[in-house]
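Residue numbers begin at 1 in each chain, while the letters A, B, ... track the order of the sequences.
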Amino acid sequence: MKTLRLERLGWIFMRLSGVVLIALIFTHLTVNLMQDGGVKAIDFAFVAGKLANPFWQWFDTALLWLALIHGTNGMRVVIQDYVLRPRLRKVLLTLLAVSTVTLIVLGTLVIFTLDPCPAGTPADLLPSFCPAV
Amino acid sequence: MVDTAARETRTVIRGTLYRGHEGMWSWVLHRITGIAIYFFLLVHVLDTATVRLDPEIYNTVMGAYKTPLMGLGEAGLVAAIIFHALNGLRIILVDYTKWGTRYQKVMFYVVLALWVVLMAGFLPRHLAHVFAG
């Protein structure tokens with residue numbers, strides 16, 4: 001009974017997060033791959049410039065959490081569909097859970113602790129708003 | 001070696017309502033694109049996390065994404081994401097509307113058509129960034 005309720009919650013989550021992820025990821029792709037120089041324009045100055053803005057901090061946090069939880073739940077279903085040996089199944093599911101928690105914590109820390117103007121870095125590598133040394 | 005009995009069983013099953021038709025292929029593609037996107041996501045969180053280490057390290061890591069080969073990989077990634085997104089919407093319509101099941105085949109072709117349109121918008125621009133920029 002309890003498992004069923006949890007499965008139903010996961011089923012609903014996949015659909016809700018899916019719709020939100022479409023908006024988040026299409027925006028992410030437009031800003032990072034379509035605008036200006038596309039992938040060629042992505043460097044420290046670009047990322048640090050974005051993450052100095054609270055809007056992009058929370059945007060990226062939502063993207064990180066939703067994408068990882070959505071992807072992890074999908075991979076859980078795939079593992080449960082194909083891996084029938086109990087021990088291997090348990091190992092893979094544990095690995096999946098550990099990597100997801102690790103990446104969510106790591107990613108969130110990076111988003112909120114990044115210094116956009118680290119000392120001792122040549123100005124041409126930094127966002128334009130960094131004070132001249 | 002497939003023995004005769006197994007081959008006969010397979011022949012009998014093929015051509016049912018589900019097997020070999022749009023519903024099956026949309027499921028197969030949804031699963032394959034989902035798994036591929038998940039593994040990219042793992043790598044992507046890690047490569048982005050190097051932005052916290054040092055500007056020059058991050059720029060070096062990002063350099064790996066700017067090669068022609070990786071540029072093609074990014075095109076494949078976006079192709080997978082767009083299909084997964086559109087087919088996800090199709091799944092939601094099948095689940096939540098009265099008419100969804102009746103039109104699931106038509107909607108699969110709508111998904112493919114929209115995929116072509118969106119890729120036509122993305123691909124030339126991305127390839128120009130990768131190969132001309």
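- Both the backbone and the side chain of Ile35(B) come within contact range of chain A, judged by heavy atoms closer than 4.5 Å.
- Residue Asp115(A): no heavy atom, backbone or side chain, is found under 4.5 Å from chain B.
- Contact record, Leu106(A) with Ala49(B): CD2-CB, 3.8 Å, taken as the closest heavy-atom pair.
- If you measure heavy-atom distances from Ile91(B) to chain A, the contacts under 4.5 Å come from the side chain alone.
- For Ile42(A), the parts lying under 4.5 angstrom from a heavy atom of chain B are both the backbone and the side chain.
- Taking a 6.0 Å sphere around CH2 of Trp56(A), one finds it holds more than 12 heavy atoms contributed by other residues, nucleotides or ligands.
- In terms of the side-chain hydrogen bond (donor to acceptor under 3.5 Å, both in side chains) criterion, residue partners of Thr113(A) (sequence neighbours excluded) are, by chain and number, Arg52(B).
- Taking Trp27(B) as the reference, nothing meets the ring-ring contact (aromatic ring centres under 6.0 Å, His included) condition, with sequence neighbours excluded.
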Could you go through residues 99-120 of chain B and list every donor-acceptor pair under 3.5 Å that involves a side-chain atom there, pairing it with any protein atom two or more places apart or in another chain?
from, atom 1, to, atom 2, distance (Å)
Gln104(B), OE1, Arg90(B), NH2, 2.6
Tyr109(B), OH, Glu22(B), OE2, 2.8
Trp115(B), NE1, Ala79(B), O, 2.9

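- Relative orientation of the Tyr96(B) and Trp11(A) rings is tilted, given thresholds of 30° and 60° on the angle between their planes.
- Comparing Gly121(B), Gly88(B), Ala85(B) by heavy-atom pairs within less than 4.5 Å of chain A, the highest count is held by Ala85(B).
- Residues of residues 62-77 of chain B lying within less than 4.5 angstrom of chain A, judged on heavy atoms, are Met62(B), Tyr65(B), Lys66(B), Glu74(B) in numerical order.
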